[in-house]
Amino acid sequence: MKMGCLKRWPLKRWLGLGLIVLHCITLGCAQEKKVAKSKVGEKVGLPCCYKIPSSESLQNYRVYWQMNVTDVVLAYAGEKKINEHPRYVNRTKLDFENLTLWISSVEILDSGPYQCIVQSLQSSPDKPGSHLLCGEPVTLFVTADFSKPNIEREVTASSCASTEMVVRCSSHGGFPKPEIRGFLNDERVVLNTTWESESSLSPYNVTGTLWLNMTKDSNFTCFVEYDGLLRSTSLLLAKANDCIVSTALPSYNVITASSIIIITFVLAVTLAVKYLPRHACSHCSKNQVSAEDDVKESMNPPHSCKLTCEMSSL
Ligand SMILES: *[C@@H]1O[C@H](CO)[C@@H](O)[C@H](O)[C@H]1NC(C)=O
Ligand SMILES: *[C@@H]1O[C@H](CO)[C@@H](O)[C@H](O)[C@H]1NC(C)=O
Ligand SMILES: *[C@@H]1O[C@H](CO)[C@@H](O)[C@H](O)[C@H]1NC(C)=O
Ligand SMILES: *[C@@H]1O[C@H](CO)[C@@H](O)[C@H](O)[C@H]1NC(C)=O
Ligand SMILES: *[C@@H]1O[C@H](CO)[C@@H](O)[C@H](O)[C@H]1NC(C)=O
Ligand SMILES: *[C@@H]1O[C@H](CO)[C@@H](O)[C@H](O)[C@H]1NC(C)=O
Ligand SMILES: *[C@@H]1O[C@H](CO)[C@@H](O)[C@H](O)[C@H]1NC(C)=O
C-alpha cells in the first residue's frame with residue numbers, strides 16, 4: 001500500500017476522495033489533528049478510524065499502518081501479517097477488533113505521522129473488489145525527560161560592593177528541543193542558550209549561561225521546558241563577602257579585649273582582696289568613679305578599690 005496503490009485508483013476513486021475532502025471540510029477536519037503522546041520506553045496505542053463490527057472478523061479486511069506517509073510499519077491481510085518495518089519488529093501489535101496499533105519500547109525515532117488504512121475485501125454489486133474504508137492520520141509525539149537542571153557558578157571578580165559571576169544551568173538527555181528560562185529573585189533574566197544534539201531526532205543537551213554583577217544575595221531559578229513539561233532547580237547565589245577584612249577582625253578584637261578585661265578583673269579582685277586593708281574602703285569610696293565607666297578602668301586603683309569595697313561589704 002505504497003503510493004503505487006493510489007496511482008492504481010480509477011477516476012471514480014479520485015472522485016470518492018473528493019467527497020472525503022468535502023466531508024472533511026464540512027466537519028472541520030477534526031480527525032486530521034489527532035495526536036498521541038508517549039515517553040521513550042513506554043507503550044502507546046494509536047487509534048484507528050475503523051472498528052471491525054462484532055459480527056465480522058479481521059478475515060474480511062486488509063489493514064495498513066503506515067508512517068511518514070508511505071512507510072509500512074505493520075500490515076495485515078486477513079489475520080495474516082504481510083509486512084513489518086525492521087525498526088518495529090517485536091515492538092508492534094495490532095488489536096484485531098478496533099485496529100489500534102500498539103507500539104512498545106517507544107523511541108524518539110517513532111515520532112511522526114501515522115496512518116491507519118483499512119480496506120474491505122468483501123465485494124458487493126456496487127463496490128467490486130477491495131475498497132477503502134478510511135485512512136486517518138494520527139501524529140505521535142515522543143518525549144524524553146530531561147535531567148534535573150544543574151546550576152554551576154564561577155566567581156570572576158569580586159569587591160566589597162559587588163560580585164561578578166558566570167552562572168550555568170544545564171540539563172541533558174531530553175526530547176524535544178527545550179527552552180531554558182531563568183529567574184533572578186522572581187524576575188525573568190535572559191540566558192544565552194546553547195543546544196547539543198546529534199540530529200533533530202536525537203536527545204538534546206542544553207546549557208543556559210548568565211553573566212551577573214550582584215550587589216546582594218540572590219535566588220536563581222532555572223527552568224527547562226519541553227513539550228509543556230517543566231523541570232527546575234533553584235540556588236541561592238551568595239554574594240562573595242570581600243568586605244571580610246574590615247568587618248571580621250573587629251569581632252576578633254572584641255573577643256580578645258573581653259578576655260583580657262575578664263582576666264584583669266579577676267586578677268585585680270584577687271589582688272585587692274589579698275593586699276588592700278579594709279579601712280581603704282572609706283577612703284576610696286569618696287573617689288569612686290561612675291559605675292558606667294569603661295571596664296578597662298578596673299585596672300586603676302580607685303576602681304578596684306571600689307570593687308573590693310563591694311566585695312567586702314557582701
Ligand atoms: C481498543 O481495544 C483495546 C482493548 O482491546 C483498548 O485498550 C483500547 O483502548 C481500544 N482503543 C480504542 C481506540 O477504542
Ligand atoms: C520516518 O522518517 C524519519 C526521518 O526521516 C526516519 O528516521 C524514520 O525511520 C522514518 N520512519 C519509518 C517507519 O520509516
Ligand atoms: C524478536 O523476537 C524473537 C522471538 O522472541 C527473537 O528471536 C528475535 O530475535 C527478535 N527480533 C528482534 C529484532 O528483536
Ligand atoms: C552567547 O554565547 C556564545 C558562545 O559562548 C557567544 O558567541 C555569543 O556572543 C553569546 N551571546 C550573547 C548574546 O551573549
Ligand atoms: C549530553 O550530555 C551527556 C551527559 O553529560 C553526554 O554523555 C552526551 O555525550 C552529551 N550529548 C551530546 C550530543 O553532546
Ligand atoms: C559591577 O558593579 C560594580 C558596582 O555596582 C561596578 O563597579 C562594576 O564596574 C560592575 N562590573 C561590571 C562588569 O559591570
Ligand atoms: C527561590 O525561588 C524559588 C521560586 O520562586 C522558590 O521556590 C525557592 O524556595 C526560593 N529559594 C530560596 C532559598 O529563597
Side-chain angles (χ1 to χ4, degrees), residues 1-4 6 29-49 64-75 83-94 100-117 135-152 166-183 188-210 221-233:
M1 183 69 182
K2 297 231 171 184
M3 286 309 273
L6 287 175
C29 229
Q31 289 183 333
E32 292 281 352
K33 287 162 199 153
K34 254 197 178 145
V35 296
K37 287 192 176 191
S38 181
K39 272 187 186 162
V40 166
E42 289 181 355
K43 186 179 177 182
V44 67
L46 305 178
C48 185
C49 42
Y64 297 88
W65 266 104
Q66 299 185 173
M67 200 226 178
N68 291 343
V69 185
T70 58
D71 298 333
V72 174
V73 170
L74 185 66
N83 203 343
E84 189 174 32
H85 191 284
R87 252 191 1 91
Y88 290 84
V89 169
N90 291 354
R91 292 203 296 129
T92 52
K93 205 171 166 290
L94 183 72
T100 291
L101 174 70
W102 289 99
I103 305 176
S104 51
S105 306
V106 167
E107 302 167 2
I108 292 173
L109 277 179
D110 297 345
S111 306
Y114 287 74
Q115 205 173 4
C116 154
I117 295 157
E136 178 201 286
V138 187
T139 304
L140 175 62
F141 286 103
V142 178
T143 59
D145 283 332
F146 276 88
S147 64
K148 186 172 167 66
N150 180 45
I151 303 174
E152 282 176 344
V166 182
V167 182
R168 279 189 193 86
C169 170
S170 56
S171 177
H172 57 86
F175 190 85
K177 189 177 179 178
E179 286 305 320
I180 200 157
R181 281 193 262 150
F183 287 85
R188 179 82 192 262
V189 285
V190 177
L191 303 184
N192 185 345
T193 311
T194 54
W195 293 267
E196 282 175 330
S197 179
E198 277 159 21
S199 77
S200 64
L201 284 176
S202 297
Y204 282 86
N205 286 356
V206 65
T207 304
T209 308
L210 177 67
T221 305
C222 168
F223 286 94
V224 174
E225 184 183 0
Y226 54 106
D227 192 47
L229 299 163
L230 283 177
R231 297 220 69 184
S232 72
T233 299

Considering non-hydrogen atoms only, spot the tightest contact between [X] and [Y] and give its length.
X: Val106; Y: Ile103; result: CG2-O, 3.7 Å
X: Asn90; Y: Ser104; result: O-OG, 4.3 Å
X: Trp65; Y: Pro47; result: CH2-O, 3.4 Å
X: Leu230; Y: Arg181; result: CD2-NH2, 4.3 Å
X: Phe175; Y: Ser111; result: CE2-OG, 4.2 Å
X: Pro149; Y: Cys169; result: CB-SG, 3.7 Å

Self-check item: Trp195 and its side chain to side chain contact (heavy atoms under 4.5 Å, CB included) partner, picked from Val206, Thr207, Asn205
Solution: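 Going through Val206, Thr207, Asn205 one by one, the side chain to side chain contact (heavy atoms under 4.5 Å, CB included) with Trp195 is satisfied by Val206 alone.
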Do [X] and [Y] come within less than 4.5 Å of each other through their side chains, counting heavy atoms only?
X: Glu225; Y: Pro178; result: no
X: Pro176; Y: Thr143; result: yes
X: Tyr226; Y: Arg231; result: yes

Going from [atom1] on [X] to [atom2] on [Y], what distance comes out if it is rounded to the nearest 0.5 angstrom?
X: Leu109; Y: Ser202; atom1: CG; atom2: OG; answer: 7.0 Å
X: Gln115; Y: Leu46; atom1: CD; atom2: CG; answer: 12.5 Å
X: Tyr114; Y: Leu74; atom1: OH; atom2: CG; answer: 11.0 Å
X: Leu101; Y: Met67; atom1: CG; atom2: CE; answer: 11.0 Å
X: Thr209; Y: Glu152; atom1: OG1; atom2: CD; answer: 10.5 Å

Quiz prompt | side-chain contact (heavy atoms from CB on, under 4.5 Å) between Arg168 and Val166, intermediate numbers included | solution = CA-CA 7 Å; Arg168 279 189 193 86; Val166 182; 3.8 Å; yes
Quiz item: Any sub-3.5 Å donor-acceptor pair from Ser171's side-chain atoms to Ser147's backbone N or O?
Solution: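 Pair found, side chain donor or acceptor close to backbone of Ser147.
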Exercise. Decide, based on the SG atoms alone, whether Cys116 and Cys48 are under 2.5 Å apart.
Key: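 Judged by the SG atoms alone, which are under 2.5 Å apart, Cys48 and Cys116 are bridged.
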Quiz item: When you look at Ile180 and Cys222, which way does the side-chain contact (heavy atoms from CB on, under 4.5 Å) test go after all the steps?
Solution: CA-CA 7 Å; Ile180 200 157; Cys222 168; 3.9 Å; yes
Quiz item: Hey, mind stepping through Arg91 and Glu107 against side-chain contact (heavy atoms from CB on, under 4.5 Å) and telling me if it holds?
Solution: CA-CA 10 Å; Arg91 292 203 296 129; Glu107 302 167 2; 3.6 Å; yes
Quiz item: Knowing that exactly one of Asp110, Asp227, Asp145 qualifies, which makes a salt bridge (Lys or Arg N to Asp or Glu O under 4.0 Å) with Lys39?
Solution: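 Only one option passes, and that is Asp145.
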Quiz item: Under the side-chain contact (heavy atoms from CB on, under 4.5 Å) criterion, do Asn150 and Thr233 qualify, and how do the steps go?
Solution: CA-CA 7 Å; Asn150 180 45; Thr233 299; over 6 Å; no
